[in-house]
Protein chains: 2
Amino acid sequence: MPSPQLLEEYSQFFRLLSEPARLQLLCHLQRGPMDVASLIEATGFSQSHISRQLGQLQRAGLVSCERDGVRMIYLADDPLVQDLCTLVQTRLKQRLEQQLQQLRAA
Amino acid sequence: MPSPQLLEEYSQFFRLLSEPARLQLLCHLQRGPMDVASLIEATGFSQSHISRQLGQLQRAGLVSCERDGVRMIYLADDPLVQDLCTLVQTRLKQRLEQQLQQLRAA
DNA sequence: GTGCATAATGCGTACAGAGACATAACCCTT
DNA sequence: AAGGGTTATGTCTCTGTACGCATTATGCAC
């Protein structure tokens with residue numbers, strides 16, 4: 001049984017991934033480094049919002065950034081998020097197949 | 001690049017795990033089936049709260065239940081949550097070790 | 001230095017969801 | 001059928017946070 005502190009850490013981490021906006025940013029960045037302007041263009045969010053979300057992801061270590069002159073280039077080099085999503089995706093598939101079979105049996 | 005719908009599904013799933021109360025319930029249930037009274041005893045939450053959280057977990061397929069007379073026995077037979085937590089735990093360890101080494105170098 | 005880009009923060013609004021209390025639905029026993 | 005124990009739901013409050021606007025901070029060119 002994990003300690004309350006560890007449970008809190010887990011939940012905080014999962015909370016980062018519980019927001020479609022952040023997942024979207026992560027997915028974009030996993031395809032390669034991007035600057036903030038491109039992320040604004042790609043997602044349609046406001047600059048301030050993107051900056052905040054990137055800040056959260058950076059503090060969690062899921063994203064890093066480097067300066068390119070006046071621009072900031074963000075990159076997500078960690079495969080963890082990809083792995084987690086793959087596991088969840090497999091799960092979602094199983095669920096849908098189960099539901100499909102139940103409908104067929106009925 | 002995942003579709004918005006898929007991103008939404010991912011985030012909804014991770015949102016389930018983003019609450020310490022639900023993670024706590026899952027951890028208790030992964031050690032074996034329990035009835036609601038025991039979960040109340042173990043967590044200190046109100047009966048209504050536990051019932052709602054179990055309902056969410058059940059709709060997501062992370063938990064199932066069976067009647068035992070008037071009582072409901074809940075069980076979490078899915079190893080997915082355990083796998084996800086293991087991945088995250090490995091990640092947390094790495095982060096701490098990095099921070100430790102940086103402190104040592106300074 | 002001044003001016004001009006971009007990124008980060010202060011602040012306000014809005015909404016989702018946690019959590020508890022009260023109530024209703026459910027099942028068992030008699 | 002009636003009553004008692006267990007679980008689910010209606011409703012409320014409150015906190016957290018997403019999100020945008022305005023402002024500030026930061027770095028570059030001149």
Side-chain angles (χ1 to χ4, degrees), chain A residues 4-5 7-29 33-76 81, chain B residues 4-5 7-29 33-76 81:
Chain A
Q5 292 81 1
L7 283 179
E8 185 66 33
E9 297 262 5
Y10 284 158
S11 61
Q12 281 184 15
F13 188 90
F14 288 127
R15 187 179 305 270
L16 279 178
L17 306 182
S18 73
E19 193 61 32
R22 280 190 291 268
L23 272 184
Q24 200 177 346
L25 290 175
L26 284 172
C27 288
H28 276 112
L29 291 178
M34 292 176 70
D35 65 336
V36 180
S38 304
L39 290 172
I40 295 176
E41 167 78 19
T43 63
F45 286 113
S46 73
Q47 179 267 323
S48 66
H49 187 48
I50 294 199
S51 176
R52 273 182 224 277
Q53 305 312 318
L54 288 175
Q56 289 192 39
L57 296 174
Q58 188 179 3
R59 277 188 293 277
L62 294 179
V63 148
S64 59
C65 65
E66 50 188 36
R67 300 206 77 96
D68 174 33
V70 69
R71 298 187 176 175
M72 298 294 285
I73 309 294
Y74 279 83
L75 45 108
V81 177
Chain B
Q5 292 81 1
L7 283 178
E8 185 66 34
E9 296 263 4
Y10 284 158
S11 60
Q12 281 184 16
F13 189 90
F14 288 128
R15 188 179 305 272
L16 278 178
L17 307 181
S18 71
E19 193 59 34
R22 279 191 292 266
L23 273 183
Q24 198 178 346
L25 289 174
L26 283 172
C27 288
H28 275 112
L29 290 179
M34 292 177 70
D35 66 336
V36 179
S38 303
L39 289 172
I40 295 176
E41 167 77 19
T43 63
F45 287 113
S46 73
Q47 180 267 323
S48 65
H49 188 48
I50 294 199
S51 176
R52 273 182 224 278
Q53 305 311 319
L54 288 176
Q56 291 192 37
L57 296 174
Q58 188 179 3
R59 277 188 294 276
L62 294 179
V63 149
S64 59
C65 64
E66 50 188 34
R67 299 206 75 97
D68 174 32
V70 70
R71 298 186 177 178
M72 299 294 286
I73 308 293
Y74 279 83
L75 45 107
V81 177

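So that the names make sense, note that chain A is the first sequence line, chain B the second, and so on, each numbered from 1.
With Met34(B) as the fixed residue, the side chain to side chain contact (heavy atoms under 4.5 Å, CB included) test singles out one of Leu29(B), Ile73(B), Leu75(B): Leu29(B).
Note: CD (Glu8(A)) to P (dA18(C)) measures 14 Å, nearest angstrom. Going from atom CE of Met72(A) over to atom P of dA25(D) covers 18 Å, rounded to whole Å. Whole-Å rounding puts the Asp35(A) CG to dT6(C) C1' distance at 10 Å. The distance from atom CG of Leu16(A) to atom P of dA18(D) is 9 Å, rounded to the nearest whole Å. Following rounding to the nearest Å, Arg67(A) (CZ) and dG27(D) (P) show an atom-to-atom distance of 5 Å. Spacing between atom CG of Asp68(B) and atom P of dT7(D) amounts to 10 Å, rounded to whole angstrom units.
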Practice problem: Apply side-chain contact (heavy atoms from CB on, under 4.5 Å) to Leu17(B) and Leu17(A), showing your working. | Solution: CA-CA 10 Å; Leu17(B) 307 181; Leu17(A) 306 182; over 6 Å; no

Practice problem: Begin with the C-alpha distance, continue with both residues' side-chain angles, and end with the deciding distance and a verdict on side chain to side chain donor-acceptor pair (under 3.5 Å) for Gln53(B) and His49(B). | Solution: CA-CA 6 Å; Gln53(B) 305 311 319; His49(B) 188 48; 3.2 Å; yes

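Not a single donor-acceptor contact under 3.5 angstrom links the side-chain atoms of Arg22(B) to the base of dG19(C). Donor-acceptor pairing under 3.5 Å, judged by distance alone, is present between the side chain of Arg52(B) and the base of dG10(D).
Interatomic distance, CD of Glu19(B) versus CZ of Arg15(A), reported as 5.5 Å (0.5 Å rounding).
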Self-check item: Dot-bracket encoding of pairs in DNA chain D, which uses [ ] for pseudoknotted crossings and | for another strand, Watson-Crick or G-U under 3.5 angstrom
Solution: ||||||||||||||||||||||||||||||

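For Glu19(B), the listed nucleotide lying nearest its side chain is dA18(C); candidates were dC19(D), dA18(C), dA20(C). Distances were taken from every side-chain heavy atom of Ser48(B) (C-beta onward) to each of dG17(C), dT9(D), dA8(D); the shortest belongs to dT9(D).
For Arg15(B) and dA16(C), the shortest distance from a side-chain N or O to OP1 or OP2 is not below 4.0 Å. For dA8(C), one of the phosphate oxygens OP1 or OP2 lies less than 4.0 angstrom from a side-chain nitrogen or oxygen of Tyr74(A).
Take the nearest nucleotide of DNA chain D for Gln53(A) and for Val70(A): the residue whose nucleotide is more 5' is Gln53(A). Annotation: of the two residues near DNA chain D, Gln56(A) and Gln47(B), the 5′-most nearest-nucleotide partner is Gln47(B).
Within a 6.0 Å radius of CZ in Arg71(B), no more than 12 heavy atoms belonging to other residues, nucleotides or ligands are found.
Pairs passing the side-chain hydrogen bond (donor to acceptor under 3.5 Å, both in side chains) check and including a residue from residues 56-70 of chain B, sequence neighbours excluded, read Arg22(B)-Gln56(B).
Side-chain N or O atoms of Ser51(A) include none that pairs as donor or acceptor with a backbone N or O of Gln47(A) at under 3.5 Å.
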